[in-house]
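This report concerns only the one structure given below.
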Amino acid sequence: MWMPPGQNQSWVSEFILLGFSSDPMTNRILFSVFLLLYLSSVLGNGLIITLIFLDMHLHTPMYFFLCILSLLDMGCVTTTMPQMLVHLLSRSQTISFAGCWLQMYMFGALALTECFFLVVMAFDRYVAICYPLRYTVILSWGLCTQLSAGTWVCGFFFSLIHTFLTMRLPYCGPNTVNHYFCEGPSVRNLACMDTHVIEMVDSVISVFMVVAPLSLILASYIRIAQAILKIKSMQARCKAFSTCASHLTVITFFYAPATYIYMKPNSSYSPERDKQISLFYNIFSALLNPVVYSLRNKDIKGAFLKVMGKARVTW
């Protein structure tokens, strides 16, 4: 039960993020590793955005969606990684209450937006394979813009509910968060009152944000598989499947760890395991996306070679 702060209690004005280690030497090694991962993810996603912007042949719905996915990935890692890198080299690992509130909200908003956005990308693949001749008619630029804007609105709205319910809880100590950023369940466990109702609300949001999008993605790929199986040419089948393989890989690396973190019961909460698993949908997913889409995509590689060729001529 929560008791109002008395003489020996006070409201928390800042949190301490434990991170991964308290050993200075280990932190220096982790700093080098995570700095490399962060720069690679930002540069990789930034390169994809730049190539799509510069090459007119990539101004299609598919690459428009890929550009937004890269932007979301850059936003997610930038919300958490720079501060974690500072904490790895600093003696102080504190974050203000307002800073924690903002970090939780922004990361949640971008991550939830990506949850919805992966559904939009699945719909794009569904239209491209099941209705190839009507692809540009169905996915007009107006519809693409509306779908993209809708995912951002939903992500920021539901993150606001989650963050507001979490941060309005009374925090009167301790203030040590066993995580490398202000992640909802980790902070909520420090509240000095019963959080059962908040956990139920979060569970409902998680079902809506994880189960519903996954169900829509599954339905899309069932129809896609049915359409591919009707293709007589084996070469055409392989080509159609290859256009979906990258998206399926991204979905797996994003949804699998996120589902484990946010859909499991609170009784099985394990801070050490959870913060390690969160690296997959936060850092490794953002790093993987440009690798998957660039290595498996001839158009992206062609655009890169074209830009490099122009740069050499200019030089």
Side-chain angles (χ1 to χ4, degrees), residues 45 48 52 58 60-73 76 110-140 143-148 150-152 154-155 158 205-263 280-281 284-300:
N45 285 288
I48 286 183
I52 293 174
L58 300 182
T60 64
M62 173 183 173
Y63 293 107
F64 171 70
F65 294 143
L66 178 56
C67 184
I68 295 179
L69 178 66
S70 295
L71 186 63
L72 287 170
D73 285 333
C76 280
L110 294 170
L112 292 176
T113 299
E114 188 162 338
C115 283
F116 280 124
F117 198 74
L118 290 173
V119 178
V120 174
M121 295 184 74
F123 176 68
D124 168 73
R125 293 299 83 210
Y126 163 72
V127 175
I129 293 176
C130 297
Y131 304 98
L133 299 180
R134 300 177 56 197
Y135 177 72
T136 55
V137 176
I138 296 175
L139 281 176
S140 63
L143 180 60
C144 291
T145 303
Q146 291 173 8
L147 289 173
S148 302
T151 60
W152 285 81
C154 289
F158 283 105
I205 294 177
S206 297
V207 168
F208 183 72
M209 300 301 296
V210 176
V211 176
L214 276 177
S215 300
L216 293 173
I217 291 172
L218 179 61
S220 297
Y221 274 100
I222 289 176
R223 296 294 301 273
I224 289 172
Q226 292 173 343
I228 291 176
L229 291 176
K230 292 179 182 178
I231 301 175
K232 296 181 180 181
S233 170
M234 182 59 68
Q235 183 178 2
R237 283 187 185 181
C238 294
K239 183 178 180 180
F241 178 75
S242 66
T243 63
C244 303
S246 299
H247 185 239
L248 286 171
T249 303
V250 169
I251 289 172
T252 302
F253 274 83
F254 181 83
Y255 270 108
T259 301
Y260 172 81
I261 294 292
Y262 293 101
M263 295 299 294
F280 284 92
Y281 69 82
F284 293 122
S285 177
L287 178 65
L288 176 71
N289 290 355
V291 174
V292 169
Y293 280 105
S294 60
L295 292 180
R296 298 184 58 87
N297 193 299
K298 294 181 180 179
D299 293 334
I300 293 291

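Atoms considered below: every heavy atom in the structure, side chains included; atoms not considered: hydrogens, waters and symmetry mates. Just so you know, residue 1 is the first one in the sequence shown, and it goes up from there. Everything numeric in this text was worked out from a predicted model, so none of it was measured.
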Would you say the side chain of I228 lies within less than 4.5 Å of the side chain of R223, judging by non-hydrogen atoms? no
Other residues, nucleotides and ligands only: do more than 12 of their heavy atoms fall within 6.0 Å of OH on Y135? yes
If I compare all heavy atoms of L287 with all of V291, which pair ends up nearest, and what's the gap? O-CG2, 3.4 Å
Shortest non-hydrogen contact between A227 and C130, atoms and distance: CB-SG, 3.8 Å
Is the shortest side-chain heavy-atom distance between M62 and M121 below 4.5 Å? no
With no hydrogens and no angle check, is any side-chain donor or acceptor of S70 less than 3.5 Å from a backbone partner on L66? yes
Between N45 and A286, is there a donor-acceptor pair closer than 3.5 Å when you use the side chain of the first and the backbone of the second? yes
Which heavy atom of T113 sits nearest a heavy atom of G155, and at what distance? OG1-CA, 3.5 Å
Taking all atoms of both residues into account, what is the closest heavy-atom pair of L118 and H247, and its distance? O-NE2, 3.1 Å
Are any of the side-chain heavy atoms of Y126 and Y131 separated by less than 4.5 Å? yes
Starting from the C-alpha separation in whole Å, work towards a yes-or-no answer on side-chain contact (heavy atoms from CB on, under 4.5 Å) for E114 and N289. CA-CA 12 Å; E114 188 162 338; N289 290 355; 4.1 Å; yes
Side-chain touch L139/F123, heavy atoms, less than 4.5 angstrom: yes
F253 CZ: over 12 foreign heavy atoms closer than 6.0 Å: no
Under 6.0 Å between ring centres, would you say that holds for F117 and F65? yes
Test side-chain contact (heavy atoms from CB on, under 4.5 Å) on L72 and C76; report intermediate values, then the result. CA-CA 6 Å; L72 287 170; C76 280; 5.5 Å; no
Quick check against the 3.5 Å criterion: does Y255 have a side-chain atom that pairs as donor or acceptor with the backbone of C115? yes
For S148, is there any backbone N or O sitting under 3.5 Å from a side-chain donor or acceptor partner on T151? yes
Testing the basics here: between F254 and A111, what is the closest heavy-atom pair and its distance to 0.1 Å? CZ-O, 3.6 Å
P290 to I48 - nearest heavy-atom pair and separation: CA-CD1, 3.3 Å
